[in-house]
Amino acid sequence: MPSSETDRAISVTLPDGAALELPAGATGADAAAAIGPGLAKAALAIRVGDEIRDLARPLGDGEAIQIVTRKSGDDYLWVMRHSAAHVLAEAVQAIVPGAKLGFGPPIADGFYYDFDLPRPLTDEDFPAIEAEIRRIVSEKAPFERTVMSIEEARGFFADRGDEYKVDQVEELGRQGEVEVSIYRQNDFVDLCRGGHVHHTGEIGAVKLTSLAGAYWRGDERNPQLTRLYATAFPTSKELDAHLERLEQARARDHRRLGRDMELFHFDDAGPGFPFFLPKGMRIIREVEGAVREELERMGYEEIATPTILSDELWRKSGHWDHYRENMYLTEVDGQGFAVKPMNCPGACLVYRSTRRSYRELPLRLAEFGHVHRHELSGVLHGLFRVRAFTQDDAHVFCRPDQIQDEVVAILEMIDRFYARFGFDRVLLGLATRPEKATGDAATWEHAEAALRAALGDREYVVKEGDGAFYGPKIDFQVTDTMGRLWQLGTCQLDFFMPERFDLSYQTAEDTQARPVLIHRAITGSIERFLGILIEDTGGDFPLWLAPVQARVLPIADRHADHAEAVRGALVAAGLRAEVDARAESVGKRIRDGELAKIPYLLVVGDKEQAGDAAALRGRHGADEGTMPVGDVVDLLVARARA
RNA sequence: GCCGACGUAGCUCAGCUGGUAGAGCACUUCACUCGUAAUGAAGGGGUCCCCGGUUCGAGUCCGGGCGUCGGCUCCA
């Protein structure tokens with residue numbers, strides 16, 4: 001708040017690095033006016049650091065600011081969509097009288113608005129709502145900002161029966177706000193921190209995209225609201241381009257490519273349980289091979305532990321208390337068993353199978369563990385969220401003083417592995433103590449500090465309360481083709497499992513000590529990793545991963561034997577090759593080979609047969625000419641290794 | 001699990017207000033034996049997701065279940 005004349009002036013930084021001096025308490029609007037009258041008129045909002053703010057909010061000393069106008073690209077889209085959300089809400093209230101308002105923020109690629117509705121909404125209502133939006137847009141109704149005290153706003157929204165807005169006003173009050181801003185267009189009024197276009201006419205093409213249920217404040221104990229997703233662009237041309245991009249992204253969907261390329265299959269006989277087809281297994285074996293190379297290099301030993309183990313074991317491990325509802329249980333001969341949802345108890349039993357010395361530590365035990373988890377039906381999603389998957393799991397048992405080095409080595413291993421597959425945008429997260437946790441606060445803090453130290457100066461986000469019940473973790477996330485985030489690798493500290501299983505080792509001083517357990521996975525889940533790999537490459541796998549690396553096409557029947565010989569030479573050299581000798585034209589078979597995304601097509605006719613050669617065609621028509629079969633084999637082997 | 005939509009041949013889909021199913025691609029066979037992105041013809045293939053109900057009659061209407069898709073919540 002602007003106050004006495006004793007306040008000093010403030011200074012903010014503009015995008016070009018210049019400093020702008022303003023009186024204390026100056027707002028974004030003041031800043032825009034200070035820069036120029038044109039900008040003052042065009043200004044819609046202001047970006048301060050990562051945040052887009054209302055022009056009416058006072059600026060702080062030293063802040064880096066950027067005025068948002070119609071020409072601000074993504075920032076403009078953000079502001080315009082925020083305004084579009086208000087118009088959507090006005091339209092919905094016109095179509096469905098009595099609709100109560102939840103939240104309605106802009107999000108990546110669009111915006112949504114939550115409603116508590118007197119009647120269910122279906123997509124048949126979309127055209128009417130869109131028509132109403134267009135009508136409101138054509139009115140060019142101004143967005144007007146007013147300010148109310150918390151008490152005034154509470155009463156205002158209570159009178160209107162907008163209970164969720166009342167809840168939010170109260171929440172803001174608890175957060176220490178003394179007044180809130182209200183935006184109005186036509187008769188529509190919304191509690192809103194703002195940043196809006198001047199009038200509804202500045203909203204471009206709006207399209208409703210989907211309908212979903214969403215809990216108030218994201219808590220399933222709260223009422224479920226109806227969420228209407230939509231997007232908006234300045235022009236319908238840009239909207240169409242966006243819809244076209246979405247369509248292209250859908251073509252990379254691993255579920256679609258997995259079926260088209262015959263990699264895997266899902267069957268009603270086992271919802272969430274993937275069936276891997278021969279070509280899918282070829283890729284999986286390559287991925288596993290890459291993991292095993294790392295295991296060898298980093299001093300791991302591979303083990304295998306049983307899929308089904310006594311429920312006694314799961315009681316001891318803590319899974320019974322924390323995870324039972326997600327476990328597949330069975331009973332045989334009057335004894336309870338559970339299908340493993342994790343591999344750690346098995347690894348602990350391996351550790352405990354003999355007496356351990358400090359000289360053996362760190363003991364790194366790896367396992368390709370096939371685990372089963374009964375996930376809720378609504379969360380299943382292709383290979384990304386399944387009910388049975390293979391963890392490239394490992395458990396490192398070490399002394400407390402070895403934690404740092406081990407975690408550092410694991411992070412480096414994961415980095416190297418992802419780089420090999422060409423994953424560049426990997427997000428790191430540090431997940432800390434959750435509500436449902438075992439162990440004391442001091443132990444947790446110690447563990448979290450160890451992980452922070454190992455992360456060093458890497459970029460990562462802290463996810464408060466997102467850790468496993470037994471310890472904090474570092475996780476590695478990547479996005480799929482639709483922008484959803486999925487966790488792959490993980491590195492978790494566990495101070496509790498060794499306790500529960502009473503694990504120990506003999507120290508140099510001939511005493512018994514408790515090892516620390518580190519859980520880690522590189523791919524996290526081979527299945528999920530494959531899904532990401534499919535979407536990342538769009539099915540155009542690098543040569544070394546391609547399920548079929550080369551296909552030989554004999555021009556006519558009389559070239560079949562030579563084609564077979566070429567295939568034999570490729571296979572003998574360790575390449576995955578096949579022959580397409582169907583009675584179809586060469587053009588047709590070339591086309592089919594391209595559509596099957598096969599890296600190399602080898603055409604053989606009279607000329608090639610006579611010279612024991614093959615004509616090499618790379619993906620997308622790259623003609624590399626005719627060369628002796630031996631040369632083709634050497635060339636492809638070299639490229640597959642690169 | 002919750003909200004919404006959807007479920008017809010291996011795939012993509014058509015099938016109007018109820019009258020017991022159709023196309024393209026794929027597959028099989030035949031003819032053609034072809035030089036770098038679709039040769040032609042013929043043929044096989046369906047418990048219209050499942051279970052009930054309404055009706056003379058249900059792919060179509062109603063109820064329940066299962067599955068899939070988009071979200072929410074969850075995710076060791």
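So that the names make sense, note that chain A is the first sequence line, chain B the second, and so on, each numbered from 1.
Within 3.5 Å, no donor on the side chain of A:Tyr112 pairs with an acceptor on the base of B:rG4, nor the reverse. Counting atom types as modelled, A:His319 pairs a side-chain N or O with a base atom of B:rA76 as donor and acceptor under 3.5 Å. Side-chain N/O atoms of A:Arg558 and base N/O atoms of B:rC34 include no donor-acceptor pair closer than 3.5 Å.
Relative ring orientation between A:Phe495 and A:His446 is described as perpendicular, the plane-to-plane angle rising above 60° on a 0-90° scale split at 30° and 60°.
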**Prompt:** Can you check side chain to side chain donor-acceptor pair (under 3.5 Å) on A:Thr305 and A:Lys340, steps first, answer last?
**Reply:** CA-CA 10 Å; A:Thr305 67; A:Lys340 67 176 177 183; 3.2 Å; yes
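Comparing the P positions of B:rG64 and B:rA76 gives a spacing of 34 Å, expressed to the nearest Å. Separating the P atom of B:rC61 from that of B:rG67 is a span of 23 Å, rounded to the nearest Å. Nucleotides B:rC48 and B:rA42 place their P atoms 28 Å apart, quoted to the nearest Å. The gap from the C1' atom of B:rG10 to that of B:rG53 amounts to 33 Å, rounded to the nearest Å. Taking atom C1' on both nucleotides, B:rU8 is separated from B:rC49 by 10 Å, rounded to a whole Å. Comparing the same atom, C1', in B:rU55 and in B:rU60 gives a spacing of 13 Å after rounding to whole Å. As rounded to the nearest Å, B:rC51 and B:rG4 have C1' atoms that lie 24 Å from one another. Comparing the same atom, C1', in B:rG44 and in B:rC25 gives a spacing of 16 Å after rounding to whole Å.
When the P atom of B:rG71 is taken as reference, atom NE2 of A:His381 falls 7 Å away, rounded to whole Å. Atom CG in A:Leu121 sits roughly 10 Å away from atom P in B:rG4 (whole-Å rounding). The CG atom of A:Leu376 sits 13 Å away from the P atom of B:rA76 (whole-angstrom rounding). When rounded to the nearest whole Å, the span between CG of A:Leu380 and P of B:rG71 equals 14 Å. Nucleotide B:rC75 holds its C1' atom 12 Å from the CD atom of A:Glu220, rounded to whole Å. Rounded to whole Å, the distance from CG on A:Leu595 to C1' on B:rA37 is 7 Å. Atom CG in A:Asp125 sits about 12 Å away from atom P in B:rG4, given to the nearest Å. Summarising the geometry, the separation between CZ on A:Arg528 and P on B:rA76 is reported as 11 Å, rounded to the nearest angstrom.
No side-chain donor from either of A:Thr432 and A:Glu448 sits under 3.5 Å from a side-chain acceptor of the other. When only modelled atom types and interatomic distance are considered, A:Arg558 and A:Gln609 share no side-chain donor-acceptor pair under 3.5 Å. Side-chain contact, A:Asp480 with A:Trp486: a donor N or O sits under 3.5 Å from an acceptor N or O. A donor atom on one side chain and an acceptor atom on the other are not found under 3.5 Å apart for A:Asp116 and A:Trp216.
A residue-by-residue look at A:Ala468 and A:Glu594 shows that A:Glu594 has its nearest nucleotide of RNA chain B further toward the 5' end. In terms of position on RNA chain B, the residue among A:Gln492 and A:Val603 whose nearest nucleotide sits closer to the 5' end is A:Val603.
A:Tyr600 is linked by a side-chain hydrogen bond (donor to acceptor under 3.5 Å, both in side chains) to A:Arg639, counting only residues two or more places apart in sequence or in another chain.
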**Request:** Give the B/S/- string for nucleotides 26-32 of chain B, one per nucleotide from 5' to 3', where a protein heavy atom under 4.0 Å of the base yields B, of only the sugar-phosphate yields S, and otherwise -.
**Result:** SS---BB
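A cation-pi arrangement is not found for A:Arg528 relative to A:Phe384, the charged atom failing to lie both closer than 6.0 Å to the ring centre and inside a 45° cone about the ring normal.
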